Amino acid sequence: MTPEQHALHEAAMKAFLDKKKYKAAVRRQKDDEEANLGMTSLMDIVSILVIYLLKSYASDPVVINPTAGQKIPFSAADASIQDGMPVFVTVRGITFQDQKVVTMTSEGEVDPSMVQNHLIGPLFDAFSEEADKAKQMAENRGIEWEGRLILVGDQSLKFSTLIDVLFTAGRAEFKEYTFCVIRKG
Amino acid sequence: MAKRPRKKTEEKVVEANLLPVMNIMFLLIPALLMAMEFASMAAINVSPPKFSSAPSEPTEEKKEQEKPLDLKVFIMDDGYRVEASGQQEGADAGKSADSSKPTIGLAKSGAPDTDYERYDYAALEAKAKEYKALFPNDTTVKISAESNVPMQVVIWTMDAVAGTECKIGKFMKGTEELPDNCYFWQPIIEGGAG
């Protein structure tokens, strides 16, 4: 390479590097562009979901959440559940006001030592306590206490246990009884 | 006169800040999911259990009134015993407790106790329809069962005597009259009979 050629090459290289530096500087000076997330479609889905859930929530005044392993009986009945106190009676135990009041025997019956002439002792105490509270509240509000018990039973629950629970509720001054069932179809 | 060139105006699209709304929505979803019912629940109103004891003597006034049907269904291990006006269905007249045999046998004899469809619900419903035709104003039925009869059988028995097509939801709300296909829809649970 002749000295002229070398000088030309050097000059071309310098020009190329200067141009590159300039481009990099321009790029650095540019504002960072914000990435926008498309929210509209997500909002549509969420709104529809919320409306659906609100509708299913508003359909019944009482929300029944069965205890683990409980199989609520099926029925062709269609009357809606009215406000009342739910008691969950399964072959494992009796739950009232979120507390397991009675534990059943392996045969799915109430321990005979707890039952005296159809009256289930611990359940009667729990029923009476809550009935007194509810009566007091109704009195303060100037309304009559309806005394409705919602019995959420189990498909395999024995008739004798059912009778004992209803009898005990009757002794605790509950006046109306409702069997909670799952609507068939 | 030369036209003035129109100024190009770029309209800025103002986007709403949806993030706070989304936050609320995402909090609402689990709250509503917790409260929602996954199966449609219904209610069967029952009258308190009555324990069999010596029947009260009817007063003269009551005797003069029209004799009610007093329908009773007793669920046994081997079928239904149906009683009306104190007499078992199909038994000799004048005998109150004729036999321990069922009036309506099992639909699936020999099926295990856990098979809730072993009872003849269709035959019981047909019987209830017959009685309803004779006593159109009667709506109550006394239901009792042997101690080991499962609750599902008791519920389906109540459905059968009320009529499986009977829908009283709107009647209970007071918006409609009682449908004609409702037979004995007010069950009274009786205990201590078996």
Side-chain angles (χ1 to χ4, degrees), chain A residues 36-37 39-40 42-43 46-47 49-50 52-54 56-57 59-60 62-66 71-82 84 89 109 118 148 150-164 166-167 169-170 174-185, chain B residues 15-19 21-22 25-26 28-29 31-49 51 75 113-114 116 144-156 158-160 162-173 185 187 189-192 194:
Chain A
N36 277 330
L37 196 68
M39 286 278 200
T40 318
L42 193 62
M43 271 296 288
V46 174
S47 304
L49 200 64
V50 166
Y52 167 75
L53 290 172
L54 271 172
S56 66
Y57 173 74
S59 61
D60 266 326
V62 185
V63 178
I64 304 287
N65 293 317
K71 286 181 183 172
I72 299 175
F74 289 97
S75 171
D78 73 329
S80 53
I81 299 173
Q82 288 169 298
V89 189
E109 289 171 352
H118 294 288
R148 184 178 289 111
I150 303 165
L151 196 144
V152 189
D154 195 290
Q155 288 177 2
S156 55
L157 187 73
K158 289 181 181 176
F159 185 73
S160 55
T161 311
L162 196 68
I163 287 295
D164 291 348
L166 291 179
F167 181 80
F174 280 93
K175 291 172 274 182
E176 289 180 34
Y177 308 98
T178 296
F179 287 164
C180 176
V181 289
I182 293 177
R183 223 172 281 186
K184 234 195 293 183
Chain B
E15 281 188 20
N17 188 9
L18 294 174
L19 272 173
V21 184
M22 286 296 288
M25 291 287 202
F26 276 109
L28 261 174
I29 287 171
L32 290 170
L33 269 174
M34 292 267 284
M36 90 172 280
E37 52 171 21
F38 293 95
S40 184
M41 300 288 187
I44 301 175
N45 295 320
V46 293
S47 295
F51 288 82
I75 312 166
D113 292 356
T114 48
Y116 307 134
S144 189
E146 285 183 351
S147 59
N148 56 348
V149 169
M151 189 182 180
Q152 183 63 80
V153 173
V154 178
I155 297 289
W156 279 345
M158 286 177 184
D159 284 353
T164 45
E165 298 300 315
C166 169
K167 303 289 172 207
I168 55 164
K170 285 178 182 169
F171 168 71
M172 298 289 270
K173 283 177 187 167
W185 52 275
I189 295 284
E190 273 198 341

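As the structure is a computational prediction, the values presented were derived from the model and not from experiment. The sequence lines fix the lettering, A, B, ..., with proteins before strands; numbering per chain opens at 1. Note that these values count all heavy atoms, side chains included, but never hydrogens, waters or copies made by symmetry.
- For B:Glu165, there are no salt bridge (charged side-chain N to carboxylate O under 4.0 Å, His left out) partners two or more places apart in sequence or in a different chain.
- When all heavy atoms of A:Ala77 and B:Ala42 are compared, the pair lying nearest together is O-CB, 3.4 Å.
- Rounded to the nearest 0.5 angstrom, B:Ser147 OG and A:Leu162 CG are separated by 12.0 Å.
- Of the possible donor and acceptor atoms, none in the side chain of A:Lys158 sits under 3.5 Å from a partner among the backbone N and O of B:Glu146.
- For B:Val154, the part lying under 4.5 angstrom from a heavy atom of chain A is the side chain only.
- Interface remark: A:Lys175 contributes backbone atoms only to the contact with chain B (heavy atom separation under 4.5 Å).
- Heavy-atom distances place both the backbone and the side chain of A:Leu157 under 4.5 Å from chain B.
- Among A:Ser156, A:Gly170, A:Pro66, A:Pro73, the residue making the largest number of heavy-atom pairs under 4.5 Å with chain B is A:Pro73.
- At distances below 3.5 Å, at least one donor-acceptor pair connects side-chain atoms of A:Asp78 with backbone N or O atoms of B:Gly169.
- Counting heavy atoms from C-beta on, the side chains of B:Met25 and A:Ser47 come closer than 4.5 Å.
- A distance of 9.5 Å separates CG in A:Leu42 from CG in B:Leu18, rounded to the nearest 0.5 Å.
- Residue A:Ser80 holds its OG atom at 12.0 Å from NZ of B:Lys170, rounded to the nearest 0.5 Å.
- No side-chain donor-acceptor contact under 3.5 Å links B:Asn148 to the backbone of A:Phe159.
- With a 4.5 Å cut-off on side-chain heavy atoms, A:Val181 and B:Met158 do not count as touching.
- Heavy-atom distances place both the backbone and the side chain of B:Asn45 under 4.5 Å from chain A.
- Contact annotation for B:Ile29: both backbone and side-chain heavy atoms come within less than 4.5 Å of a heavy atom of chain A.
- Other residues, nucleotides and ligands contribute over 12 non-hydrogen atoms within 6.0 Å of the OH atom of B:Tyr116.
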